[in-house]
Asks: 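Handing you a structure now.
Basis for what follows: all heavy atoms, side chains included, without hydrogens, waters or symmetry-related copies. Being a predicted model, the structure only gives us computed values, none of them experimental. In what follows, chains carry the letters A, B, and so on, assigned in the order in which the sequence lines appear, proteins first and then strands, with residues in each chain numbered from 1.
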Amino acid sequence: MVKMDVNLGGLRMPTPVATASGTFGYGTEYVGLVDYAKLGAVTAKGIRLDPWPGNPMPRHAEVVGGLVNAIGLQGTGVEAFLSKTLPAYRTVSKVPLIANIWGGSVEEYAAVAARLGDRVEAIEMNVSCPNVKAGGHTFGQDPNVLFEVVAAVRKATARPLLVKLAPNVPSIVPYVKACEDAGADALSLINTIPAMVIDIERRVPVLANRTGGLSGRGVHPVAVKLVYDAHRATKLPILAMGGVYEAKDAIELLLAGATAVAVGTATFTDPGVVAAVHDGIVAYCERHGFASVSDLTGNLQG
Amino acid sequence: MVKMDVNLGGLRMPTPVATASGTFGYGTEYVGLVDYAKLGAVTAKGIRLDPWPGNPMPRHAEVVGGLVNAIGLQGTGVEAFLSKTLPAYRTVSKVPLIANIWGGSVEEYAAVAARLGDRVEAIEMNVSCPNVKAGGHTFGQDPNVLFEVVAAVRKATARPLLVKLAPNVPSIVPYVKACEDAGADALSLINTIPAMVIDIERRVPVLANRTGGLSGRGVHPVAVKLVYDAHRATKLPILAMGGVYEAKDAIELLLAGATAVAVGTATFTDPGVVAAVHDGIVAYCERHGFASVSDLTGNLQG
Amino acid sequence: MRKNEQAKVILHEDCGPGYRLLVLDAPQVAADARPGQFVHVKVPALEASALRRPFSIFNAEDGRLEILYKAVGRGTFALNGVRPGETVEVLGPLGRGFPETCRGTPLLVGGGYGVAPLYFLARRLLQTPKLPNPQTPKLFLGGRTKTDLLALDRFAALGVEVFAATNDGSFGTKGFAVVPLDAELARLRAAGADFELFTCGPDGLLKAVSERAVSLGAPGWISVDRHMVCGVGACYACIQRTVTGNARCCVDGPVFKAEELAW
Amino acid sequence: MRKNEQAKVILHEDCGPGYRLLVLDAPQVAADARPGQFVHVKVPALEASALRRPFSIFNAEDGRLEILYKAVGRGTFALNGVRPGETVEVLGPLGRGFPETCRGTPLLVGGGYGVAPLYFLARRLLQTPKLPNPQTPKLFLGGRTKTDLLALDRFAALGVEVFAATNDGSFGTKGFAVVPLDAELARLRAAGADFELFTCGPDGLLKAVSERAVSLGAPGWISVDRHMVCGVGACYACIQRTVTGNARCCVDGPVFKAEELAW
Ligand SMILES: Cc1cc2nc3c(=O)[nH]c(=O)nc-3n(C[C@H](O)[C@H](O)[C@H](O)COP(=O)(O)OP(=O)(O)OC[C@H]3O[C@@H](n4cnc5c(N)ncnc54)[C@H](O)[C@@H]3O)c2cc1C
Ligand SMILES: Cc1cc2nc3c(=O)[nH]c(=O)nc-3n(C[C@H](O)[C@H](O)[C@H](O)COP(=O)(O)OP(=O)(O)OC[C@H]3O[C@@H](n4cnc5c(N)ncnc54)[C@H](O)[C@@H]3O)c2cc1C
Ligand SMILES: Cc1cc2nc3c(=O)[nH]c(=O)nc-3n(C[C@H](O)[C@H](O)[C@H](O)COP(=O)(O)O)c2cc1C
Ligand SMILES: Cc1cc2nc3c(=O)[nH]c(=O)nc-3n(C[C@H](O)[C@H](O)[C@H](O)COP(=O)(O)O)c2cc1C
Ligand code: FES
Ligand code: FES
């Protein structure tokens with residue numbers, strides 16, 4: 001019997017396998033298709049204070065080895081989330097829920113977190129969205145801005161606080177430090193990589209938003225590198241995601257330094273990935289004589 | 001007849017298709033396998049002042065949709081390059097040669113460029129290598145450092161000067177501006193994306209260097225996005241590379257804003273890619289009624 | 001209940017240039033299938049991480065699931081290579097389909113492969129025992145040319161009257177499917193008869209039919225075709241604008257009421 | 001001249017558990033092939049962007065190219081599925097092979113699939129008309145167990161004497177190939193006879209043979225197996241350390257002189 005539960009900065013996960021925000025709706029959509037008994041946490045789709053319509057269509061383009069999306073954070077506002085979406089989730093699942101939040105200003109982030117109170121098991125901040133007040137740069141782009149927004153949310157919530165970082169940085173270390181200094185409990189790595197697909201026959205970007213974010217199989221080696229770098233720079237636990245399609249991918253991320261992993265894009269093609277990843281981790285631990293999955297975290301030789 | 005020659009910041013390329021540095025040796029290795037008549041430029045493997053042994057083995061790992069490499073810039077020094085490698089290249093090819101240079105200090109960059117004089121048709125600076133004097137950060141990581149090193153090389157050479165930028169930045173714009181201000185003639189985009197592969201059975205990184213750079217099919221949408229962003233920020237012409245495997249990929253990069261494209265990793269699997277890309281661009285221009293390939297540059301609708 | 005079923009290919013045959021009929025042994029999915037719903041298919045020949053492709057249920061009968069499709073891109077061309085005996089993973093039935101009852105004459109309007117869900121609908125409408133004023137459905141089918149008019153024999157076998165239209169006039173009326181439709185609408189209105197509109201096809205056709213439903217005050221059931229990712233409502237890729245905001249085609253549709261749609 | 005040839009599969013058969021023989025119709029590559037050289041194979045079943053895989057030329061004769069390989073990973077398992085009649089793209093012949101002349105007795109030392117280039121070498125050594133002191137080669141072949149000893153019949157047909165060794169003692173001497181080799185070396189030295197060493201196999205074997213060549217002052221030709229990317233000297237992925245620095249296995253090797261190698 002491998003001990004599969006992990007502690008992700010105060011969030012008790014029964015297994016180290018979560019779903020990634022934006023790829024699992026609000027947690028009810030895959031009921032009957034995904035084995036919830038194998039899940040350690042569900043991360044809900046991003047919400048802000050008010051409902052948000054998202055981008056025009058088309059919102060996605062398939063590329064070899066992945067997906068480029070510009071959904072544009074369509075989502076229910078926090079009130080509808082608390083009154084409808086969340087209760088609906090609780091009726092179908094006992095799995096801890098991580099709310100993924102975003103906003104156009106530091107104040108909005110804090111307000112959403114405060115409003116959620118203790119109704120969710122943890123809060124994940126998506127800082128890869130434009131800071132409306134600061135001229136459109138994303139919050140996650142500048143370590144100082146990142147510190148500010150994380151510190152504000154930290155004050156607004158007592159729940160375990162995860163910060164989800166963007167992969168397109170020269171070094172992840174200053175961002176990790178900013179999160180640490182601002183009182184985050186854990187890191188989520190990685191968000192999608194900025195990308196673009198052009199329809200050469202019509203000579204237009206395929207996505208209505210022109211650019212989007214790359215996820216899926218192809219980003220996996222990039223995720224492993226960033227988790228490795230982040231883990232060496234901090235004691236904060238890491239929820240790792242990016243191209244997890246099979247147990248091997250998840251185990252790489254754990255060995256690189258993650259405490260838990262999330263499955264995202266892979267579920268679209270195969271809802272069975274969550275269970276296969278879970279079972280594959282158990283089998284790996286048994287085969288290699290690890291009593292607990294947390295023994296894998298950062299456990300590289302030499 | 002489509003006019004295929006382009007002017008890349010003073011470098012006259014007979015076709016818009018080049019080879020990417022590090023994937024085509026010093027230009028002689030693929031003779032007989034690649035159709036040189038379809039090439040607009042050959043970019044040689046990186047050189048510095050002295051010979052450099054590169055990293056220990058293993059130096060590569062195959063991943064789905066790409067390759068992670070940590071060759072570590074093994075290369076002949078500039079003297080051997082001038083006395084042996086370059087003359088050997090001239091005996092087999094009339095295609096313009098771009099020397100790819102790097103160094104451990106600003107002074108070394110300038111010295112290599114000065115030593116090359118007018119023996120090569122252009123110089124491409126690889127700024128994704130550690131700045132020994134400035135504590136190991138890469139030159140390309142900080143726009144100020146980038147400005148400094150580009151300005152120094154600019155003073156040292158009268159040849160067309162390309163700066164090759166790293167993709168892992170929150171925004172390419174400050175780096176583009178630094179190159180512009182420092183007097184670069186063109187940009188090369190993109191270098192590999194930092195990545196890592198772990199052998200989960202042995203629990204070690206596959207690469208002796210632990211981490212490496214991701215190239216190949218999977219990075220293509222990331223390259224398109226960065227070329228698009230860079231082109232909107234500058235009038236400098238762009239040599240674009242990153243996952244070009246077929247004409248469609250090259251045309252995407254041209255439409256995103258590139259003046260020319262380079263084929264890298266694809267040649268390893270199929271040396272015929274260069275010719276197929278060239279011919280495919282010609283066919284596309286004919287089909288869409290473009291008299292010149294330069295009409296494609298940045299030519300998106302709306 | 002929707003299922004992710006490993007379905008064996010029973011038959012895979014051409015039905016006109018570019019079109020193919022795929023018959024699967026998929027008892028679980030077929031059992032609950034309703035007209036207008038779709039299945040999300042993992043194309044075996046694509047790389048394992050490629051997205052699924054959605055297809056209307058053309059027919060579901062005796063544990064068999066039929067799909068009628070057109071090869072238009074990477075996924076459908078790859079699907080062409082699947083052989084009888086091989087296994088295809090199908091997730092379904094998904095989405096909200098057509099109602100299976102109708103007040104008055106069911107007028108089915110299809111374009112190209114949009115005919116697919118209409119055949120299954122016609123069958124069900126004819127089977128429903130307690131239809132008020134039961135009427136045999138009529139089909140108004142459009143296509144570019146004769147060979148784009150699919151499954152005519154299958155409709156004939158049901159006794160459904162078909163009004164065909166082709167852009168090039170190679171079969172039926174020359175023009176769009178709305179040409180014969182408008183004639184029928186005029187006739188029904190003159191007679192004061194009830195009818196409902198059910199449609200699937202390209203956006204232009206859907207708009208034309210929606211306009212008619214709304215302006216004539218008749219129920220209009222519009223099946224919208226949007227590129228999908230998850231197929232289950234989780235990703236928000238497949239948006240259709242409606243009067244109440246952005247809806248997801250895969251779970252809020254693919255069938256919408258005409259008056260709900262905002263184009 | 002090396003070529004990138006579309007080669008039709010003539011035969012693809014098992015030769016012991018895990019090992020297979022692939023025979024290709026590749027007249028251009030076969031024409032110039034020399035023993036110890038290799039071909040870089042595009043495995044058709046892998047995705048189009050997958051890297052090639054290098055294999056020694058086991059034999060080249062009458063326009064046919066033979067490869068003897070072991071399935072160890074993604075590429076070789078995928079190669080297993082290639083059927084006669086299908087086409088495989090082979091780039092070659094590549095690299096520097098063995099010399100085709102030998103002073104004294106050629107002693108061939110192989111481990112596992114490392115035997116592959118030695119068969120072609122043995123054939124050529126026997127064919128070379130003006131060998132000084134021509135001698136029939138002797139083969140010292142090691143493997144984990146009996147079924148890892150490949151192509152014994154082919155060597156027998158050439159009249160090559162084989163000294164086998166297996167780790168488990170299931171065939172020949174129990175132990176490594178160097179056990180029978182050392183006995184032969186002692187015999188030859190006692191007789192004052194000339195010999196040269198030619199070897200291919202795992203690094204441990206190569207080191208052992210190199211050491212013997214260097215210490216005995218006899219020519220040692222060592223074929224090194226390094227993971228490759230380009231196969232033509234362009235990428236610097238396939239490094240072997242030598243006394244003069246980092247060499248590329250694919251163009252500076254795969255065969256190196258024993259005294260050049262730095263392990
Ligand atoms: C509910 C539903 C039911 C369907 N039923 C049927 C059916 O019964 N029969 C049938 O033949 N087809 C049906 N389709 C359409 C079918 O799903 C598509 O034809 C198929 O997915 C195309 O896949 P492909 O890989 O061959 O083409 P792709 O390569 O994916 O592209 C096909 C075309 O769509 C364009 N395209 C690709 N991605 C996007 C995007 N994100 N946004 C906009 N355009 C894009 C491409 O440029 C190309 O022109 C249905 C679709 C839906 C949503
Ligand atoms: C010159 C030469 C001649 C050869 N001749 C033969 C021959 O005649 N017959 C034959 O059977 N084989 C031969 N090989 C070996 C053959 O090329 C490999 O077995 C094959 O490439 C394995 O491919 P794969 O996809 O099956 O395995 P892979 O999945 O690539 O891996 C095979 C093994 O190598 C490891 N590996 C993968 N990548 C690397 C890397 N970058 N660095 C270090 N280890 C790595 C893996 O972990 C695994 O253990 C030769 C190799 C060379 C260089
Ligand atoms: C369609 C889609 C929507 C996403 N929406 C969000 C989101 O709302 N908030 C967020 O933090 N990340 C979002 N992501 C990013 C994922 O959570 C995840 O970080 C990323 O896709 C990498 O993991 P993967 O390769 O397994 O998908 C989204 C990804 C996809 C593909
Ligand atoms: C094996 C290998 C070696 C490389 N060496 C260099 C180098 O020496 N200098 C450099 O600027 N870029 C180097 N690159 C980066 C490529 O020139 C190119 O920017 C990158 O691979 C993206 O293009 P691709 O996807 O077509 O390969 C190397 C890439 C590979 C795969
Ligand atoms: S396809 Fe994912 S929500 Fe509809
Ligand atoms: S494999 Fe590229 S240099 Fe040898």
Asks: Identify which of C:Leu91, C:Leu46, C:Asn4, C:Leu51 forms the greatest number of heavy-atom pairs closer than 4.5 Å to chain A.
Replies: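 Most heavy-atom pairs under 4.5 Å with chain A: C:Leu51.
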Asks: Could you check which of C:Ala48, C:Gly233, C:Gly245 has the highest count of heavy-atom pairs closer than 4.5 Å to chain A?
Replies: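 It is C:Gly233.
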Asks: For C:Arg144, does the CZ atom have more than 12 heavy-atom neighbours from other residues, nucleotides or ligands under 6.0 Å away?
Replies: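 No, the 6.0 Å shell around CZ holds no more than 12 heavy atoms from other groups.
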Asks: Which atoms of A:Tyr30 come close to chain C, meaning under 4.5 Å heavy atom to heavy atom: side chain ones, backbone ones, both, or neither?
Replies: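 Looking at A:Tyr30, backbone and side chain both touch chain C.
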Asks: Does C:Arg34, at its CZ atom, have more than 12 non-hydrogen atoms belonging to other residues, nucleotides or ligands within less than 6.0 Å?
Replies: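 No.
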Asks: Between CZ of A:Phe268 and NE2 of C:His40, what distance do you get to the nearest 0.5 Å?
Replies: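 Going from the CZ atom of A:Phe268 to the NE2 atom of C:His40 covers 9.5 Å.
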Asks: Can you tell me how far the OH atom of C:Tyr236 sits from the CE atom of A:Met57, to the nearest 0.5 Å?
Replies: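 One finds 14.0 Å between OH of C:Tyr236 and CE of A:Met57.
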Asks: Do NZ/NE/NH1/NH2 and the carboxylate oxygens of A:Glu62 and C:Arg52 come within less than 4.0 Å?
Replies: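 No, A:Glu62 and C:Arg52 are not salt-bridged.
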Asks: For C:His227 and A:His60, take the angle between the two ring planes, folded into 0 to 90°, and tell me which bin it lands in: parallel under 30, tilted 30 to 60, perpendicular over 60.
Replies: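 Rings of C:His227 and A:His60: tilted, as their planes differ by 30° to 60°.
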Asks: Measure distances from C:Arg241 to the heavy atoms of chain A and classify the residue's part below 4.5 Å as side chain, backbone, both or neither.
Replies: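 For C:Arg241, neither part sits under 4.5 Å from chain A.
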Asks: When only pairs under 4.5 Å are counted, which of A:Val31, A:Thr28, A:Val63 shares the most heavy-atom pairs with chain C?
Replies: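 That would be A:Val31.
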Asks: Side chain, backbone, both or neither: which part of C:Gln240 has a non-hydrogen atom closer than 4.5 Å to chain A?
Replies: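 No part of it gets close to chain A.
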Asks: Are any of the side-chain nitrogens in A:Arg217 or C:Glu47 under 4.0 Å away from the carboxylate oxygens of its partner?
Replies: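 No salt bridge links A:Arg217 with C:Glu47.
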Asks: Would you sort out whether C:Arg248 and A:Gln74 count as a side chain to side chain contact (heavy atoms under 4.5 Å, CB included), showing the intermediate values?
Replies: CA-CA 11 Å; C:Arg248 291 160 296 174; A:Gln74 174 174 351; 5.7 Å; no
Asks: Taking the side chain as C-beta and beyond, is there a heavy-atom pair between C:Cys235 and A:Thr23 under 4.5 Å?
Replies: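 No, too far: nothing below the 4.5 Å cut-off.
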Asks: Roughly how far apart are C:Ser49 OG and A:Asp270 CG, rounded to 0.5 Å?
Replies: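 One finds 11.0 Å between OG of C:Ser49 and CG of A:Asp270.
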Asks: Only pairs of heavy atoms separated by less than 4.5 Å count here; which of C:Glu89, C:Arg74, C:Met1 has the most with chain A?
Replies: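 With the most close heavy-atom pairs to chain A, the winner is C:Arg74.
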Asks: What's the separation between atom CG in C:Leu94 and atom CG in A:Leu33, rounded to the nearest 0.5 Å?
Replies: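 CG of A:Leu33 is found 8.0 Å from CG of C:Leu94.
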Asks: Taking side chain as everything from C-beta outward and backbone as N, CA, C, O, which of these in A:Pro53 sits under 4.5 Å from a heavy atom of chain C? Side chain, backbone, both or neither.
Replies: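 Both parts, backbone and side chain.
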Asks: Test side chain to side chain contact (heavy atoms under 4.5 Å, CB included) on A:Arg59 and C:Ile239; report intermediate values, then the result.
Replies: CA-CA 8 Å; A:Arg59 292 178 168 191; C:Ile239 294 307; 3.1 Å; yes
